[in-house]
Amino acid sequence: MAGLAAFGLTGTFLALVLKKENPQFALLTALATGVLLFLQICSPLGELLDLLQDMADQAGVAEGYFGIVLKVIGIAYLSQFASQLCADAGEGAVAAKIELAGKVLIMAVSIPVLTEVLHVVLTLV
């Protein structure tokens, strides 16, 4: 974690220094720093997903529902990451649209779970 934080701070400092002389390179530096940090967490994220899959299997969670939860989490993280990149680039309007698209996709992916919950509630009443 300390290495990631140091890399992020170094990229931020470099972007701030470049901002005065060459704003385009400052933006590219900030974007590259963000993307490289994201790529660095992919391996630990894969290990975490494997652990969660094992736990879901042991708990007897249906494969389909666990997959939906993972998709929702993935959509949330990726849309937030993309939105922040756009906001850093000064494109707040595009960032807001990405956030909205992420929320809509989450609702669309969640429909089977919502339908099952509604079915269970209706059978209890």
Open item on the list: To the closest 0.5 Å, what do you measure between CG (D50) and CD (E47)?
Closed with: 8.0 Å
Task: Shared hydrophobic cluster for V72 and V117 (ILVMFWY, side-chain gaps under 4.5 Å) - done: yes
Open item on the list: Around atom CZ of F25, are there more than 12 heavy atoms from other residues, nucleotides or ligands closer than 6.0 Å?
Closed with: no
TODO: To the nearest 0.5 angstrom, please state how far the OG atom of S110 sits from the CD atom of E116.
DONE: 14.0 Å
Open item on the list: Taking I41 as the starting point, is it possible to reach L36 by hopping between hydrophobic residues whose side chains are less than 4.5 Å apart?
Closed with: yes
Task: Side-chain touch M55/L51, heavy atoms, less than 4.5 angstrom - done: yes
Open item on the list: Testing V17, L18, T10, N22 one by one against T29 for a side-chain contact (heavy atoms from CB on, under 4.5 Å), which residue passes?
Closed with: L18
- [ ] Would you check if there is a donor-acceptor pair between the side chains of Q58 and D54 at a distance under 3.5 Å?
- [x] no
Task: pair D57-F66: side-chain heavy atoms closer than 4.5 Å - done: no
Open item on the list: Measuring only between side-chain heavy atoms, which start at C-beta, is L118 closer than 4.5 Å to L114?
Closed with: no
Open item on the list: If hydrophobic clusters are built by linking Ile, Leu, Val, Met, Phe, Trp and Tyr wherever their side-chain heavy atoms come under 4.5 Å apart, do L31 and L4 end up in the same one?
Closed with: yes
Open item on the list: Can you confirm whether T12 sits close enough to T33 that some side-chain heavy atom of one is under 4.5 Å from a side-chain heavy atom of the other?
Closed with: no
- [ ] Answer whether the closest heavy-atom distance between the side chains of F38 and L78 falls below 4.5 Å.
- [x] yes
Open item on the list: I need the minimum non-hydrogen distance between D88 and L27, along with the two atoms involved.
Closed with: O-CD1, 3.9 Å
- [ ] Look only at the side chain of S79 and the backbone of G102, and say whether a donor-acceptor pair between them is shorter than 3.5 Å.
- [x] no
- [ ] To the nearest 0.5 Å, tell me how far I68 CD1 sits from I111 CD1.
- [x] 10.0 Å
Open item on the list: Distance check, rounded to the nearest 0.5 Å: I73 atom CD1 versus L45 atom CG?
Closed with: 9.5 Å
Task: Cluster link F81 to Y77, ILVMFWY, side chain under 4.5 Å - done: no
TODO: For the residue pair K103 and I75, establish whether any side-chain heavy-atom pair is separated by less than 4.5 Å.
DONE: no
Open item on the list: I need the minimum non-hydrogen distance between A26 and A15, along with the two atoms involved.
Closed with: CB-O, 3.2 Å
Task: Closest non-hydrogen atom pair, S83 against I98 - done: N-CG2, 3.9 Å
Task: same_hphob_cluster(L85, F7) at 4.5 Å side-chain heavy-atom cutoff - done: yes
